[in-house]
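Order of appearance sets the numbers: ligands from 1, and atoms from 1 within every ligand. The chain is numbered in sequence order, starting from 1.
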Amino acid sequence: MFDLIIRNANLLDGRQGIDLGLKGAKITAIEKSIAATGGKEIDATGRLVSPPFCDPHFHMDATLSLGMPRMNVSGTLLEGIALWGELRPLLTKEALIERALRYCDLAVSQGLLYIRSHVDTSDPRLVTAEALLEVKEKVAPYIDLQLVAFPQDGYYRAPDGVRSLERALDMGVGIVGGIPHFERTMEDGTCSVEALCRIAADRGLPVDMHCDETDDPMSRHIETLAAQTVRFGLEGRVAGSHLTSMHSMDNYYVSKLIPLIAEAEINVIPNPLINIMLQGRHDTYPKRRGMTRVRELMAAGVNVSFGHDCVMDPWYSMGSGDMLEVAHMAIHVAQMAGIEDKRKIFDAITVNSAKTMGLEGYGLEIGCNANLIVLQAADVTEALRLKPNRLFVIKAGKVIARTAPRIGELFLGGRPTSIDMAKDYLPQTPQR
Ligand code: FE2
């Protein structure tokens, strides 16, 4: 009756000791106790079962390139862009694919099965697009990879930027990117937003723009993006990534801006690790945190999801492919540590991201895709605090990754210890 039953699971809504029945690639039962036996079973032992994590903002062409061809000495965003410009002519398709696949393996082990990656289109060779389109095919059995045509050096500012972006879309990159704050002038930025939204409308594609990733409170391209979204009828299909200038904007202006973002149904994607690392670099003290206004946007009904953005690349020397690390930082930077706050933060790396990415069949409901993870934590609060191991990662009803439990959960009273769960992994005592 079922191919796989996961018993004794805790769910995100607080229900405990629940069984989930999977048949083929779908979830077909969620009950207090499934009577059927016979198929494979996993005892979740009172651990949290969640849909997989989704990362709506990443750079897979740059990941794991740390130190190539040199380190970012200042650690700033602008030196990172310059450094990437030095590395770009040296990139080969084979090396890009190798690094991307290594990252995808890491992602799967962390229960991260949906990734939206920007693909730099600034180099007219478009070796980045070629490589990541191939990676998308290769990883399709275990990761849904979406690709954004991203004019890193500026849509108008880079030589051939306009043509290269269109060519990347022709090759099959499916989302229109942009970087209006990096164009030569505010006016060029404004024009780029209009031009890129027009392309998306003409081609029937979504938009995902790096937007206002700066401390400059006058960087207001998100206002233009919201207006053009409505003008071209793109509501719900547009994402504004970063929006860090909102942190520095005048409160009165923001009181007008947030309703515009909500009206245009813009999906907002802060990148907490990168924002706290790169923003405020020109400040002495007080020093701005730089992440956009997460609490206020959520309160206005805006869909907010968090991205990892970078892992070991010219902009960020750290990162682990773990969306719980991203969420952990978000709690701190946004100062959202209440119980309800934490639930909203967890949503921002799961259901909200799925909405941003337009995923179908995502979630833990009957009829949803049988994609889920078992975490070594009892609930959302514990998962966010401990960033625990992903004990099982399940895709289309099959276990595709396992990680041994950490030993020594002394703080988890009343439940089977990790040692009990770890017995499958420990070497057997030799028989004498
Ligand atoms: Fe980015």
Indicate whether any N or O donor in one side chain lies under 3.5 Å from an N or O acceptor in the other, for [X] and [Y].
| X | Y | result |
| --- | --- | --- |
| S248 | R288 | yes |
| S122 | D120 | yes |
| H57 | S241 | yes |
| E213 | T244 | no |

Legend entry - Set of residues satisfying ring-ring contact (aromatic ring centres under 6.0 Å, His included) with respect to Y316, sequence neighbours excluded: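 Y316 satisfies ring-ring contact (aromatic ring centres under 6.0 Å, His included) with no residue once adjacent residues are dropped.
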Legend entry - Neighbouring protein N, O or S atoms of the Fe ion (ligand 1) [cut-off: under 2.8 Å, no waters]: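 Near the Fe ion (ligand 1), below 2.8 Å, one finds H57 NE2, H59 NE2, H210 NE2, D309 OD1.
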Inset, instruction - Give the intermediate values and the outcome of side chain to side chain donor-acceptor pair (under 3.5 Å) for residues S353 and D55. - result: CA-CA 7 Å; S353 302; D55 179 0; over 6 Å; no
